[in-house]
Chemist: 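Take this structure first; my questions come after.
Note that ligands are numbered from 1 as they come in the structure, with each ligand's atoms numbered from 1 the same way.
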Amino acid sequence: MPPDAVWDRPAVIGAMPEEIRRLTAALARPQRWTRGPFALHRGRAFGREVTVAECGVGKVNAAALAQQLLVDGATAVVFTGVAGAVDPSLRVGDVVVSEDAVQHDVDVTPLGYARGCVPGQPLAWPADAELREAALAAAREAARAAGSEHAVVLGRVASGDQFIADAARTAALASEFGASCTEMEGAAVAQVCARWGVPWVIVRVISDTADFGASHDFRAFTELAAERAEAVVRGILGRLEQGA
Ligand code: ADE
């Protein structure tokens, strides 16, 4: 059984070790336990109790962990990590807070559904308004504190089980979905949280521009971008009402 205090606390998920490493290290009185394939870390950080966990890459991993955290009573879910830019005005290091999230690789169009639409679900899942505002405020404050002029935007996150490294695909994500960025997990967590009625938000920092240079840039910039995203999550945790 997990420790009792797994209930009634927010959870932070990242797909890769470098996306949650610093948050896990910052936990006071840390405890680690496992739920099936997932290692969960709980402790106190930035003024509140929190659970931090790594899901692995892709929508299935993300949905599986989100489901487990919600079964265990998570009160909110924050997804942190890196993304490829879809909006051509975004640069490596810019921050995207999810206004909503879509699954760009879902295709039930032969049955008359819009591209990206999971039958019976909305095309895009809206992020929680309070978490969104907390994330934007935290991201702006972190930028000020770092003396950095990178952009902080509210936008659509397009998730799919594909690493996008092709300018034509990126342009299609922009024109078909109006996406700001693309990654491989967020909308799966959004779908699970929406079905449970639990608030969620995604914070992504741009590691690449999802074009021919994406694989190189992803390797070069992921560590730095992930660190910036984690700094924003620290600010969100500090802003959450106790008991949220
Ligand atoms: N995560 C970071 N960059 C990405 C990209 N170009 N495609 C999908 N997921 C990503």
Chemist: Are Val189 and Val118 connected in a single hydrophobic cluster, I mean Ile/Leu/Val/Met/Phe/Trp/Tyr linked by side-chain heavy atoms less than 4.5 Å apart?
Modeler: yes

Chemist: Identify each donor-acceptor pair in which a side-chain atom of residues 79-96 lies under 3.5 Å from a protein atom, sequence neighbours left out, and give them as a table.
Modeler:
residue: Asp87; atom: OD1; partner: Ser89; partner atom: N; Å: 2.8
residue: Asp87; atom: OD1; partner: Ser89; partner atom: OG; Å: 2.8
residue: Asp87; atom: OD2; partner: Ser89; partner atom: OG; Å: 3.3
residue: Arg91; atom: NH1; partner: Pro88; partner atom: O; Å: 3.0
residue: Asp94; atom: OD1; partner: Ala151; partner atom: N; Å: 2.9
residue: Asp94; atom: OD2; partner: Arg91; partner atom: N; Å: 2.8

Chemist: Whether Arg21 and Glu223 form a salt bridge (side-chain N of Lys/Arg under 4.0 Å from carboxylate O of Asp/Glu) is what I want to check.
Modeler: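 A salt bridge links Glu223 with Arg21.
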
Chemist: Anything under 3.5 Å between an N or O on ligand 1 and a protein N or O? List each pair with its distance, or write none.
Modeler:
residue: ligand 1; atom: 3 (N); partner: Gly84; partner atom: N; Å: 3.2
residue: ligand 1; atom: 3 (N); partner: Asp208; partner atom: OD2; Å: 2.6
residue: ligand 1; atom: 6 (N); partner: Ile164; partner atom: O; Å: 2.8
residue: ligand 1; atom: 6 (N); partner: Asp208; partner atom: OD1; Å: 2.9
residue: ligand 1; atom: 7 (N); partner: Ile164; partner atom: N; Å: 2.9

Chemist: Just jot down the salt bridge (charged side-chain N to carboxylate O under 4.0 Å, His left out) partners of Asp211, sequence neighbours excluded, or say none.
Modeler: none

Chemist: Would you say that Val192 contacts Trp196 through its side chain, given a criterion of any heavy-atom pair below 4.5 Å between the two side chains?
Modeler: yes

Chemist: Taking only residues at least two apart or on different chains, which pairs with a member in residues 101-116 satisfy salt bridge (charged side-chain N to carboxylate O under 4.0 Å, His left out)?
Modeler: Lys59-Asp105, Asp107-Arg115, Arg115-Glu176

